[in-house]
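Each remark here refers to the structure printed beneath this line.
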Protein chains: 2
Amino acid sequence: MAQAMEHTRLLVLSLLSVRDMYGYEMIAELERRFDKTFSMKEGTLYPVLRALENSGALKSYQQETPAGRVRKYYRLTKKGAALLSEETRLWREYEKAINSVVTPLAEPV
Amino acid sequence: MAQAMEHTRLLVLSLLSVRDMYGYEMIAELERRFDKTFSMKEGTLYPVLRALENSGALKSYQQETPAGRVRKYYRLTKKGAALLSEETRLWREYEKAINSVVTPLAEPV
DNA sequence: TGACATGCCTCGAAACTCTAGGTATAATAT
DNA sequence: ATATTATACCTAGAGTTTCGAGGCATGTCA
């Protein structure tokens, strides 16, 4: 069963606009929120993080936990914030467009 | 520039739940509604129509216009209506999930 | 010591969409 | 009469994105 976790960039940028996070943490956070709905897969997330960093939307840095585990945190850059704003705009447009076709038929009995 | 017309099945099923339509007409109708936002491409639509018919969600029939032009109309089957209902449910869930992450940050300044 | 959780990563397949064509007929313009 | 545009269908190949299924290393707990 395909899980269709589109708009991955939008979600990643949104999460990082609140606070710096590391990959594994983002997956856990989305899992917590969406529960059974759907989940972002590692095979999806890590390449996206890499691409966002390569394009300058994110900056990463290593940080060690008290326990001695090393995590790779990501921080949103100015460029990333601009991208988030644009992606959000596109999402709103997309959402409205789909609903303009679907909504009228969604309240049948 | 990639146009990202996802949820194609949902849109097709929604349109056909109102009235029978032919492919070219669906594209024109969506074009009219979404205007510049985005458009569904023929290379996307026709394979989807074929797949939906093969799966039993749609039935097609030919119809000639007064002008003598032949069109291939699609009608939603019971199975298609059930699929629409399910796809709509998934869309609502998806929409809510994305918004739960994006919305809180969308009203800055 | 062995199992599980954490945390990172990649490769190849699968799914989906787009580009860029093709065919054929009708309408319109030249 | 002829060329162009609009209508109406279609497909092959490329591109993009996601997923499945692994791998690797360390920390925790039984």
Side-chain angles (χ1 to χ4, degrees), chain A residues 1-13 15 20-32 34 37-55 57-58 60-74 83 87 90-91 94 97-98, chain B residues 1-13 15 20-32 34 37-55 58 60-74 87 90-91 94 97-98:
Chain A
M1 182 194 296
Q3 278 292 7
M5 178 76 281
E6 301 143 0
H7 297 111
T8 308
R9 267 184 303 278
L10 173 61
L11 290 179
V12 167
L13 294 170
L15 288 174
D20 293 3
M21 292 180 85
Y22 55 98
Y24 201 79
E25 188 185 13
M26 296 181 204
I27 288 172
E29 172 69 12
L30 292 175
E31 189 92 5
R32 194 183 62 71
F34 300 160
T37 311
F38 43 55
S39 63
M40 190 174 316
K41 304 304 186 305
E42 298 188 15
T44 302
L45 178 61
Y46 287 115
V48 166
L49 286 174
R50 180 173 301 278
L52 284 174
E53 181 169 23
N54 286 344
S55 77
L58 305 180
S60 71
Y61 57 94
Q62 308 268 101
Q63 192 163 305
E64 200 166 343
T65 66
R69 194 177 283 285
V70 177
R71 291 164 175 167
K72 190 171 178 182
Y73 280 86
Y74 289 89
L83 182 58
E87 293 268 14
L90 286 175
W91 159 249
Y94 181 71
I98 300 284
Chain B
M1 182 196 295
Q3 277 292 7
M5 177 78 280
E6 300 142 0
H7 296 112
T8 307
R9 267 184 305 277
L10 173 61
L11 290 179
V12 167
L13 294 170
L15 288 175
D20 293 4
M21 292 179 86
Y22 55 99
Y24 200 79
E25 187 184 13
M26 297 181 203
I27 288 172
E29 172 69 12
L30 293 174
E31 189 92 5
R32 193 183 62 72
F34 300 161
T37 312
F38 42 56
S39 63
M40 190 176 313
K41 303 305 185 306
E42 299 189 14
T44 303
L45 178 61
Y46 287 115
V48 166
L49 286 174
R50 181 172 300 279
L52 284 173
E53 182 169 24
N54 286 343
S55 76
L58 305 180
S60 71
Y61 57 95
Q62 307 269 102
Q63 191 163 305
E64 200 165 343
T65 65
R69 195 177 281 287
V70 177
R71 291 166 175 165
K72 190 172 177 182
Y73 280 85
Y74 290 89
E87 292 268 15
L90 286 175
W91 159 249
Y94 181 71
I98 300 283

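Naming convention: chains lettered A, B, ... in sequence-line order (proteins, then strands); numbering from 1 in each chain.
We find that CZ of Arg71(B) is positioned 16 Å from P of dA6(D), with the value rounded to whole Å. A straight line from CE of Met40(A) to C1' of dC9(C) spans 17 Å, rounded to a whole angstrom. Rounded to whole Å, the distance from CD on Gln62(B) to C1' on dT25(C) is 14 Å. Between the P atom of dT7(D) and the CD atom of Glu31(B) lies a distance of 11 Å, rounded to the nearest Å. Counting to the nearest Å, the P atom of dC19(D) and the CG atom of Leu30(A) are 12 Å from each other. If you take NZ of Lys41(B) and P of dT16(D), they are 15 Å apart, rounded to a whole angstrom. Rounding to whole angstrom units, OH of residue Tyr22(A) and C1' of dG7(C) are separated by 8 Å. Residue Ile27(B) contributes atom CD1, which lies 14 Å from atom C1' of dT19(C) at whole-angstrom precision.
The side chain to side chain donor-acceptor pair (under 3.5 Å) test applied to Tyr22(A) returns Arg71(A), not counting sequence neighbours. Shown here are the side chain to side chain contact (heavy atoms under 4.5 Å, CB included) partners of Glu64(B), two or more places apart in sequence or in another chain: Val70(B). Residues that satisfy the ring pair (Phe, Tyr, Trp, His ring centres under 6.0 Å) test with Tyr24(B), not counting sequence neighbours, are absent from this structure. Legend: residues meeting side chain to side chain contact (heavy atoms under 4.5 Å, CB included) with Gln63(A), ordered by chain and number and at least two apart, are Tyr61(A), Tyr73(A). Scored by the side chain to side chain donor-acceptor pair (under 3.5 Å) test, Ser60(B) finds Glu53(B) as partners (sequence neighbours excluded). With sequence neighbours left out, the side chain to side chain donor-acceptor pair (under 3.5 Å) criterion links Glu25(A) to Arg19(A). With sequence neighbours left out, Leu30(A) forms a side chain to side chain contact (heavy atoms under 4.5 Å, CB included) with Leu15(A), Phe34(A), Met40(A), Val101(B).
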Contact string for nucleotides 10-15 of chain D, one letter per nucleotide 5' to 3', B = base within protein heavy-atom range under 4.0 Å, S = sugar-phosphate only, - = neither, reads BB----

Under a 4.0 Å heavy-atom criterion, the protein footprint on nucleotides 24-30 of chain D, written with B, S and -, is --BSS--

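Taking the side chain of Val48(B) as heavy atoms from C-beta on, and the options dT17(C), dT19(C), dA8(D), the nearest nucleotide is dT17(C).
Contact annotation: Thr8(A) does not reach the phosphate of dT17(D) (side-chain N/O to OP1 or OP2, under 4.0 Å). Side-chain N/O atoms of Tyr24(B) include one lying less than 4.0 angstrom from OP1 or OP2 on dT7(D).
A 4.5 Å side-chain heavy-atom check between Met26(B) and Leu49(B) finds at least one atom pair inside the cut-off.
Residues Ser39(B) and Glu31(B) share a closest heavy-atom pair of CB-OE1, 3.2 Å.
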